[in-house]
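Structure first, then comments.
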Amino acid sequence: MRPRHTHDMQALLIWYDAHQRRLPWRVSLDAYRVWLSEVMLQQTTVPTVLGYYPRFLERWPNVEALARASQDEVLAQWAGLGYYSRARKLHACAKLVAFERQGRFPETVEALQKLPGIGPYTAKAVAAIAFKVNTVPMDGNIERVTARLFAITTPLPAAKPMLQELAQRLAVPKRPGDLAQALMDLGSGICTPTKPACPACPLKKDCQAFKKGIAENLPARVKRAAKPVRHGVAFIAERKKDGAVLLRKRPEAGLLGGMLELPGTPWQSEPWTDEAALAFAPSGTGWRQAGLLRHVFTHFTLMLEVRTGSATRTSQGAFWAKPENLSQLALPTLFKKALKFMALDV
DNA sequence: AACACGGGGCT
DNA sequence: AGCCCAGTGTT
């Protein structure tokens, strides 16, 4: 066992007490609320989550309520947040906790990590914040803070195990949850990826990277490959009498899994010819180009050509959705963008 | 270890 | 245009 308290975590906690933000998931340490916020915050910024978390909590105030919802309802509320497998696993986890564990979340890192959608980070965060387990979760912020504190120059992701081990040395038994949140606040507010505010940092006396003047260069990363481009054509098939459009449900697994979409072509590396694209159109007439949009996914960029036309009957697997109902459906951002072309087309 | 998996905001 | 973000699960 290495010696603890080589760093002044007390100074960090004092800074945290003076600077912490009033965020809705810091109002209560109820495990359900902590868990819900941590899942939403996976790879998602605080401002974005602020637009979803209060609505979720109002609609489903406890894990039993969320467990009783339908998956389509959960996906509809999640629409726009991205990484939709999170919503499916969130619901699966809620059902498991509500129906097989009498509504109680497990209280150890190991048991939490067995639940759907809870990985190493979320297990530690929930354990530390809701159950006062003395552990330090590793997220992007704490990874960066740790790399700088110890001046680790090994590039990510190879440095991850070392950073994980070093971060655990920062643990303090008194206030594990506050320490985790203090480190994350430090990472987002002071120890930022570019132009860190080192002079204002409560840990500057301990920071090896600051002393060496290399804080801004850490953590080092290996270069990522450029995103390929894919092309698709989507069809807005409009019903004359009420303006309803045809939608269909995507497969449960994979990209935008379980969400709704406009009918259209597959997405391929080459642009579509008219003739090839029309083979994927719903039964309808008068197709004309309404717009072209670019949408960036995690690992490719999509160029989506949007065409409008009129249709009188549904096609295979599709259904009519009235414009006034669109906001309550599980439509990912890509297709919300596409549907905006409809209004221009009168 | 590498990849799939959204979307928004920053520089 | 590239990088980042309160990551997880699969291969």
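Just so you know, these numbers come straight off a predicted model, no measurement behind them. Excluded from the calculations below are hydrogen atoms, water molecules and symmetry mates; all remaining heavy atoms, backbone and side chain alike, are included. Labels below follow one simple rule: chain letters A, B, ... track the order of the sequence lines, proteins then strands, and each chain is numbered from 1.
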Residues within residues 117-126 of chain A bordering DNA chain C, heavy-atom distance below 4.0 Å: A:G117, A:I118, A:G119, A:P120, A:Y121, A:T122
C1' gap between B:dG8 and C:dG9, integer Å: 23 Å
Remaining members of the apolar cluster that contains A:W287, side-chain heavy atoms under 4.5 Å: A:V233, A:F235, A:W272, A:L278, A:F280
Linked hydrophobic residues, A:I214 as query - side chain contacts closer than 4.5 Å: A:L218
Please output the side-chain donor-acceptor pairs of residues 241-251 of chain A that fall under 3.5 Å, not counting sequence neighbours, one pair per line with the distance.
unit_1, atom_1, unit_2, atom_2, d
A:D242, OD1, A:R239, NE, 3.1
A:D242, OD1, A:A244, N, 3.1
A:D242, OD2, A:R239, NH2, 2.7
A:R248, NE, A:E261, OE2, 2.7
A:R248, NH2, A:E261, OE2, 3.3
A:R248, NH2, A:G264, O, 3.3
A:K249, NZ, A:D72, OD1, 2.8
A:R250, NE, A:L255, O, 3.1
A:R250, NH1, A:E261, OE1, 2.7
A:R250, NH2, A:L255, O, 3.0

Residue pairs involving residues 300-310 of chain A (criterion salt bridge (charged side-chain N to carboxylate O under 4.0 Å, His left out); sequence neighbours excluded): A:D274-A:R307, A:E305-A:R307
pair A:T135-A:P176: side-chain heavy atoms closer than 4.5 Å: no
Residue-level proximity of residues 103-115 of chain A to DNA chain B when a heavy atom falls under 4.0 Å: none
All side chain to side chain contact (heavy atoms under 4.5 Å, CB included) counterparts of A:T273, not counting sequence neighbours: A:E275, A:A276
Under 4.0 Å protein heavy-atom contacts per nucleotide of nucleotides 3-11 of chain B, with B for base, S for backbone only and - for none: -SBBBS---
Listed once per pair and sorted, the salt bridge (charged side-chain N to carboxylate O under 4.0 Å, His left out) pairs that draw on residues 48-61 of chain A, sequence neighbours left out: A:R59-A:E73
Leading and trailing nucleotides of DNA chain C with any atom under 4.0 Å from heavy atoms of chain A: C:dC4 to C:dG9
Pairs involving residues 217-237 of chain A, ordered by first then second residue, that meet salt bridge (charged side-chain N to carboxylate O under 4.0 Å, His left out) (sequence neighbours left out): none
Indicate every side-chain donor-acceptor pair of residues 109-126 of chain A with a distance under 3.5 Å to a residue at least two apart or in another chain.
unit_1, atom_1, unit_2, atom_2, d
A:Y121, OH, A:E38, OE1, 2.6
A:T122, OG1, A:Q42, NE2, 2.9
A:K124, NZ, A:Q164, OE1, 2.8

